[in-house]
Amino acid sequence: MAENPGAGGALTLCQRCHQRPATVQVATVVNGEKRERRLCEECAREEGAFHLVLTPVFTVQNLLGGLVGQGVGPLRPVWGDRRCGYCGYPFQRFAETGRLGCDRCYEAFADQLEPLIRRIQGRSSHHGKVPRRGERQLLRRRELEQLRAELRGAVEREEFERAAELRDRIRALEEEARQVGAGGEGA
Amino acid sequence: MNPEFGRFSRWMEGKGPDSDIVLSARVRLARNLRQLPFPHRLDEGQAETTLARLQETFAALEEGWHLRFHRLAEVAPLDRQVLVEKHLISPQLVQEPVRFQAVAIDPGESISIMINEEDHLRIQVVLPALSLNEAWQVADRLDDALEEHLDFAFDARWGYLTACPTNLGTGMRASVMVHLPGLVLTRQVAQVFTTLSQVGMVARGLYGEGTDALGNIFQISNQVSLGLSEEEFLHNLAVVAQQIVGSERHARQHLRQEAGIRLADRVARAYGILTHAKILTSEEALRLLSEVKLGADLGIVPAPSRASFAQLAVLTQPGFLQLRAGRALSPLERDELRARLIREQLVGEAA
Ligand SMILES: [Zn+2]
Ligand SMILES: [Zn+2]
């Protein structure tokens with residue numbers, strides 16, 4: 001696996017567009033001859049889409065791992081140490097296994113996942129069933145976001161009594177969300 | 001061993017339109033709990049808590065569902081194997097250790113919910129013949145009932161969030177199990193399956209990913225789960241399934257016209273072996289059963305008097321045989337029992 005060109009090493013430019021920094025190593029096999037090039041993500045994505053048509057699909061897991069991971073696939077990117085802020089799952093593990101760590105990983109790695117999901121699924125937005133209680137979760141999440149913003153303001157203005165009050169409400173809401181998430185509510 | 005697992009599932013009775021070719025229809029929904037690591041990332045404490053909470057949830061479901069909750073750690077290894085053989089759970093669910101895995105099953109074995117497989121919950125509904133919509137309706141209602149108690153991981157843009165993005169969106173994998181001896185014998189099956197992959201569907205062997213097409217039985221399912229509604233995915237699958245049924249019927253007709261006596265001979269030989277053999281391996285049994293089933297569908301040999309093809313296919317499996325025998329059997333004992341049971345089922349008397 002190549003070193004991350006951005007971290008300490010000399011910056012290499014993409015061998016395709018010669019404009020953006022190369023972050024991905026791409027192996028292609030043309031007429032039985034293996035060729036390795038360093039590309040930027042945009043170019044790699046474009047070429048990757050092309051390869052996908054030719055790559056025989058064994059299992060989707062392999063396909064996924066191959067697409068984003070090191071090893072067998074056409075793309076061998078350098079991820080550094082990106083992790084999900086909620087569960088601590090490293091993106092590198094996703095590249096190896098095709099599995100994410102938790103539902104929040106989708107937010108944490110959204111920019112990497114988006115093109116991949118579009119490629120696997122052919123589309124990128126859901127048109128099916130929506131959970132009935134989804135709306136209430138959404139409200140709770142919005143309220144939490146608002147309270148956290150208020151808390152930051154209160155701390156900045158050194159309104160400590162107000163901040164303590166807000167902190168309690170946030171904790172209560174988080175606890176509620178956690179219980180619901182783990183199935184405690186109504187059971 | 002739990003003799004309760006030794007019965008046949010309701011779908012195996014094999015009644016319904018096109019049930020001579022379409023053995024079953026299955027709808028599976030992947031669901032995960034919000035703000036909790038996926039099963040492969042749960043620590044022991046979280047895994048135990050999750051399992052206990054889900055067990056409580058199932059206990060709290062309305063009475064109408066009649067779901068029995070089994071922690072796999074409390075299910076004998078042979079019984080687990082039987083559940084796999086009956087397609088109630090996946091081989092992945094029983095991979096050791098199984099401390100935090102469970103399954104909830106209804107008495108007719110149409111519904112099974114796997115707990116802590118790749119996702120926290122996998123709701124499965126299996127019905128006979130091409131009853132995809134009916135299976136979806138049951139799965140949908142059960143999903144609603146569970147949602148009364150659980151908060152599922154869901155994103156407005158990406159839908160239900162799953163451990164693997166290949167299940168994202170609806171979280172739905174719908175499949176039909178089809179018996180295609182005609183397409184195999186006329187060497188058209190590879191071509192049909194290549195076409196399938198171009199319309200976002202995939203064909204697998206009898207026991208899912210990476211298994212051989214034993215007994216000419218294939219599972220055809222949607223490969224894509226995001227971007228269409230459940231009904232649209234199901235409609236597409238049903239259309240494809242009907243086309244495959246049409247091709248299979250055409251192939252059978254062609255075989256009968258072009259190879260009448262040779263086909264009759266082949267089927268009659270298979271029937272002869274199954275009604276007289278004293279030992280049968282599961283592979284040989286399944287291969288011959290497939291030919292006899294084809295012969296029975298075409299009226300060349302008598303249909304089994306008691307059991308359906310799906311029941312016979314399950315009956316040939318090693319775990320199921322041992323459960324029926326009530327004890328562990330050596331491979332030779334299994335082959336002997338298998339031959340005897342099939343003989344009895346085909347000729348309708350103890351031979
Ligand atoms: Zn470039
Ligand atoms: Zn995560």
Side-chain angles (χ1 to χ4, degrees), chain A residues 56-61 63-65 68 84 86-89 93-94 97-107 109-110 113-114 116-138 140-141 174 176-187, chain B residues 29 31-38 40-41 46 49-50 52-54 56-60 118 120 140 143-144 146-172 197 200 202 209-210 223-233:
Chain A
V57 181
F58 297 109
T59 69
V60 188
Q61 221 92 347
L63 169 69
L64 248 178
V68 299
C84 167
Y86 189 73
C87 76
Y89 195 68
R93 288 274 294 146
F94 170 70
T97 64
R99 279 189 308 204
L100 290 156
C102 76
D103 54 331
R104 304 280 293 269
C105 286
Y106 279 97
E107 269 169 67
F109 309 131
L113 289 174
E114 215 275 330
L116 195 92
I117 287 167
R118 218 180 320 118
R119 211 182 300 163
I120 301 168
Q121 296 277 1
R123 294 162 214 251
S124 59
S125 66
H126 177 57
H127 290 279
K129 183 173 180 175
V130 171
R132 281 198 212 141
R133 301 207 304 166
E135 268 177 277
R136 228 181 58 217
Q137 294 168 32
L138 200 66
R140 184 160 46 221
R141 250 173 278 173
E174 281 174 342
E176 191 192 318
R178 197 164 34 242
Q179 277 181 6
V180 170
E185 196 173 86
Chain B
L29 302 177
R31 296 290 185 259
N32 286 283
L33 302 178
R34 225 163 67 75
Q35 295 186 358
L36 187 73
F38 294 131
H40 72 109
R41 288 278 289 172
Q46 289 171 319
T49 314
T50 308
R53 285 221 165 117
L54 289 173
E56 279 168 34
T57 302
F58 279 94
E118 186 176 279
H120 293 135
D140 185 30
D143 180 43
D144 286 345
L146 287 167
E147 209 215 305
E148 300 270 315
H149 304 270
L150 304 167
D151 233 1
F152 290 140
F154 182 86
D155 178 85
R157 175 168 54 149
W158 282 335
Y160 289 96
L161 301 176
T162 51
C164 184
T166 50
N167 297 311
L168 206 57
T170 56
M172 186 180 78
S197 66
V202 64
E209 246 168 70
Q223 187 154 37
V224 168
S225 53
L226 178 77
L228 295 180
S229 71
E230 288 82 356
E231 287 83 0
E232 288 170 310
F233 279 126

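Numbered from 1 within each chain, the chains take letters A, B, ... in sequence-line order.
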- Item | Contacting moiety of B/Ala156, where chain A heavy atoms sit under 4.5 Å | backbone
Tell me which of these, [options], has more heavy-atom pairs under 4.5 Å with chain A than the rest.
options	result
B/Gln46, B/Arg157, B/Glu232	B/Arg157
B/Ala163, B/Pro37, B/Gly159	B/Ala163
B/Leu168, B/Leu146, B/Asp143, B/Asn32	B/Leu168
B/Asp155, B/Thr170, B/Asp144, B/Val202	B/Asp144

- Task: Report the distance from atom OG1 of B/Thr162 to atom CG of B/Leu226, rounding to the nearest 0.5 Å.
- Result: 9.5 Å
- Spacing of CZ belonging to B/Arg31 relative to CG belonging to B/Asn167, to within rounding of 0.5 Å: 11.0 Å
Toward chain B, the part of [X] with a non-hydrogen atom under 4.5 Å:
X	value
A/Leu100	both
A/Glu107	neither
A/Tyr86	side chain

- Parallel under 30°, tilted from 30 to 60°, perpendicular over 60°: which one fits the rings of B/His120 and B/Phe38? tilted
- Task: State which residues pass ring pair (Phe, Tyr, Trp, His ring centres under 6.0 Å) with A/His127; sequence neighbours excluded, sorted by chain then number.
- Result: none
- State which residues pass ring pair (Phe, Tyr, Trp, His ring centres under 6.0 Å) with A/Tyr89; sequence neighbours excluded, sorted by chain then number. B/His40
- Heavy-atom donor-acceptor pair, B/Glu230 side chain to A/Lys129 backbone, under 3.5 Å: yes
